[in-house]
Engineer: 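I have a structure I would like to understand better, so I am pasting it below and will then ask my questions one at a time.
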There are 2 protein chains.
Amino acid sequence: MPGGRTGGGRGKPTAGDVAAAAGYSRTAVSFAFNSPDQLSRATRERILAVAEELGYRPSPLARMLRAGQTRALGVLLPQGLAAILRNPYYTEFLRGVGEVCDREGYTLLLTPPLRESMLEAIPYAAVDGFVVCGLETDRGEVAELARHQTPVVLVDGDPQSDAPGVDVDDRRGTREAVRHLVGLGHRRIAVLSFDPGPDAAVRGYRGPLARRLAGLADGLAEAGRTMADVELAEVPISRVDGERTVRRWMAGPEPPTAILALSDILAFGALEALRDLGVDVPGEVSVVGFDDLAEAARTRPALTTVRQDTEAKGRTAAGALLAAIRGEQQPVRRLLPTRLVVRASTAPPPPPGRRAEAAARNRGDGPSDEP
Amino acid sequence: MPGGRTGGGRGKPTAGDVAAAAGYSRTAVSFAFNSPDQLSRATRERILAVAEELGYRPSPLARMLRAGQTRALGVLLPQGLAAILRNPYYTEFLRGVGEVCDREGYTLLLTPPLRESMLEAIPYAAVDGFVVCGLETDRGEVAELARHQTPVVLVDGDPQSDAPGVDVDDRRGTREAVRHLVGLGHRRIAVLSFDPGPDAAVRGYRGPLARRLAGLADGLAEAGRTMADVELAEVPISRVDGERTVRRWMAGPEPPTAILALSDILAFGALEALRDLGVDVPGEVSVVGFDDLAEAARTRPALTTVRQDTEAKGRTAAGALLAAIRGEQQPVRRLLPTRLVVRASTAPPPPPGRRAEAAARNRGDGPSDEP
DNA sequence: CTGAAAGCGCTTACAG
DNA sequence: CTGAAAGCGCTTACAG
């Protein structure tokens, strides 16, 4: 490192350096910054001038250690930062958290997993508490988390956990979506589901996915059907994966008349595939999403989807965390509502004749977006 | 606060508490966590067990203070968190920063202004350095920033600053956009510009806006025209503001045949207004944006726009910051390229006859999106 | 109005 | 393999 870090010269100046240079004690330096009225004006100004000249700033770290608080809220994320910031769901969620931070004067620390583990990242985060997103692993982890004395609020977690948390009624929302489709007369429904966590095989589905799948089963049961009656694909949550899967379905022998996507992003991909294929939505195929991201109202046709107020979820979680930090203990589990928003992407299935015709036409490949 | 914080019992346990409970020194406790091979297996396991039982975790703050680093990158933002996270430009930018954080194992601290001031927020952020976004105020602030010993990289700043920074060639990009429009034959061009900072009146335009405006002037000059020949509106960067302004223009006596938006978000609003009004794009009116946000490729018609690689900007800024933190001093100013991406929203203006016709028709009001 | 001292919680040479 | 001691940089009673 160039310039070394010898005794009095290089390196960040400390309160001691300023005190020495100005001819006062470190106490005085501290007062100049924190309790101006403890000092004579002349003294304070002299100190501040010297501090300015030396480029001195009280170390935030030392201050925080002393104060016992950071005025930062942490968000423990289930994926890398780049992936999170590519996902509009998280952008909306973080916006809700951000509103609370803005109002309360907190900063926001985004903490991705360390060595694949969300929990390992904790010791590297200087925050007053964590909003923990989508921790879908063993309950043991949650319990461990709760025991460490840092306040936490769980979001999109496991329903059976006892830690304070915020979730939405995924199950009810999905059930309503299925009802809507069944009510319109659809019988060939395909479900665009998303990848469960890595250990789903061992532990079964968890969190929101488990609840959405339960809602799907509920809705089918009401119509006297089962999961065996629907085609279901599990793909990563991305536009292209939604698109690709729908293309495959539409090229198959018996394409669906309705597509239920368990995430709007997947639904956007579906819409794109159908448009490229020249399939009329909702005339030939209906599409339903989940989340009601901002874009859902702007697609053509506008997307019918299950609305959850993601921003409110973030706001609620951050609010609960702040309450916990302040010791206004209220370790509640909140369940925010969902509701089906019917827009323009759903309609009754086409009559059988027209359907066969369309299927034949759809053997070809649509053009891709860019030249 | 419930439960008080008496001597040995309540409150977060420290290494001392664990040492006492386990019957070892604090050194041993520290070794158990940081240098496992310094301890006999039995000792280490005993200590870890006690720590687990007490819910002890080494304090991140104390560790950071000791280590002299936080392994966190700060982003100093010009607006509140909620506003930032509503702006896709920042989402893309932060994604670039996030990629570097992911790769290097850093966390990301989002720091909004404190009491209206970006600089005031600095002492409350425990980070190893800052990416400073859109600091458009007095150069004095930048100089002050640079003097404090924290590494910084300026983004979207003032061109004349001497601090290390990353910017894009806004001027050239805008010039090309104007050229494109003029080349197509447009003479009635309206410019959707955005709000300058609060003190623009005193200090003149700064940063990217100044450069884009300069590029606009360049382009017009090439065609033998001046700023006086274009209609220009300054509005906040939001869809609705873009929409509203374009509606007003289209209802006027001589609506433009081309709209140049200095930000894609404004262009999206413009496109919405025109669709609602039943105005054909690009048949009747051409639209050009700036930024090339992801959505620009997905609008109908797809947006012609000046591309800047915002994600790369974030990546470059974070990379430069990291280099500065590591003392690989390279206080360079980088200028990333821009380039016009011609898509489907631009075409020659309609012949005069058709234009008058359209203008008459556009007196009415289009329907709004939601019922 | 100002200074010496303790302590926030940790880590790491250093000596045993 | 383990302990006593110093120090990261700050703030705040406490005494003058």
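On a predicted model such as this, the values are computed, not experimentally measured, just so you know. The basis for the numbers below is simple: all heavy atoms, side chains too, and nothing from hydrogens, waters or symmetry mates. Below, chains carry the letters A, B, ... as their sequence lines are ordered, and counting in each starts from 1.
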Engineer: Is A/S30 close enough to D/dT11 that one of its side-chain N or O atoms is under 4.0 Å from OP1 or OP2 there?
Structural biologist: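 It does, given that an N or O in the side chain of A/S30 lies less than 4.0 Å from OP1 or OP2 of D/dT11.
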Engineer: To the nearest Å, give me how far apart CG (A/L39) and P (C/dG3) are.
Structural biologist: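 Result: 9 Å.
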Engineer: Below the 4.0 Å mark, does D/dG3 have OP1 or OP2 next to a side-chain nitrogen or oxygen of B/S25?
Structural biologist: yes
Engineer: Just the rounded figure in Å: distance from C1' of D/dC14 to CZ of A/F31.
Structural biologist: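 Spelled out: CZ on A/F31 to C1' on D/dC14 is 11 Å.
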Engineer: What integer distance in Å separates A/Q69:CD from C/dG9:C1'?
Structural biologist: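 So the two atoms are 16 Å apart, to the nearest Å.
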Engineer: For the C1' atoms, the ones on D/dT12 and on D/dG16, what distance do you get once it is rounded to whole angstrom?
Structural biologist: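 So the two C1' atoms sit 16 Å from each other.
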Engineer: Using only side-chain N and O atoms of B/R63, determine if any of them is under 4.0 Å from OP1 or OP2 of C/dG9.
Structural biologist: no
Engineer: Rounded to whole angstroms, how far apart are CE on A/M64 and P on D/dC10?
Structural biologist: 13 Å
Engineer: Base, sugar-phosphate, or nothing for A/R41, non-hydrogen atoms under 4.0 angstrom?
Structural biologist: nothing
Engineer: Nearest-Å distance, CG (B/N34) to P (C/dA13)?
Structural biologist: 12 Å
Engineer: Categorize B/L65 for me: base, sugar-phosphate, or nothing, with a 4.0 angstrom heavy-atom threshold over every strand shown.
Structural biologist: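 Contact class for B/L65: base.
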Engineer: Side-chain donor-acceptor pair under 3.5 Å between A/T27 and A/S30, yes or no?
Structural biologist: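 Their side chains do not contain a donor-acceptor pair, so the 3.5 Å distance test is not met.
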Engineer: Mind checking whether B/F31 and B/Y24 have ring centres under 6.0 Å apart?
Structural biologist: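 No - the distance between ring centres of B/F31 and B/Y24 does not fall below the 6.0 Å cut-off.
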Engineer: Would you check if the distance from the ring center of B/Y106 to the ring center of A/Y124 is below 6.0 Å?
Structural biologist: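 No.
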Engineer: Is there a donor-acceptor pair under 3.5 Å between the side chain of B/S35 and the backbone N or O of B/Q38?
Structural biologist: no
Engineer: According to salt bridge (Lys or Arg N to Asp or Glu O under 4.0 Å), does anything in residues 24-44 of chain B pair up with another residue at least two apart or in another chain? List the pairs.
Structural biologist: B/R41-B/E45
Engineer: It should be established whether B/T43 places a side-chain nitrogen or oxygen under 4.0 Å from OP1 or OP2 of nucleotide D/dT2.
Structural biologist: yes
Engineer: Name the pairing partner of C/dA13, where a pair is Watson-Crick or G-U wobble with both distances under 3.5 Å, or state none.
Structural biologist: none
Engineer: If you pin B/Q38 and A/A67 to their nearest nucleotides in DNA chain D, which one's is more 5'?
Structural biologist: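 Looking at the nearest nucleotide for each, B/Q38 comes out on the 5' side.
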Engineer: With the side chain of A/T27 defined as its heavy atoms from C-beta on, choose the nearest nucleotide among C/dG3, D/dT11, C/dT2.
Structural biologist: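 Among the listed nucleotides, the one closest to the side chain of A/T27 is C/dG3.
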Engineer: Between A/Y24 and C/dA4, is there a contact of a side-chain N or O with OP1 or OP2 at under 4.0 Å?
Structural biologist: no
Engineer: Could you tell me the separation between the CD1 atom of A/I47 and the P atom of C/dC1, rounded to a whole number of Å?
Structural biologist: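 For the pair A/I47 CD1 and C/dC1 P, the rounded distance is 13 Å.
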Engineer: Nearest-Å distance, CZ (B/F33) to P (C/dT11)?
Structural biologist: 9 Å
Engineer: Can you tell me how far P of D/dT11 sits from CG of B/L61, to the nearest Å?
Structural biologist: 13 Å
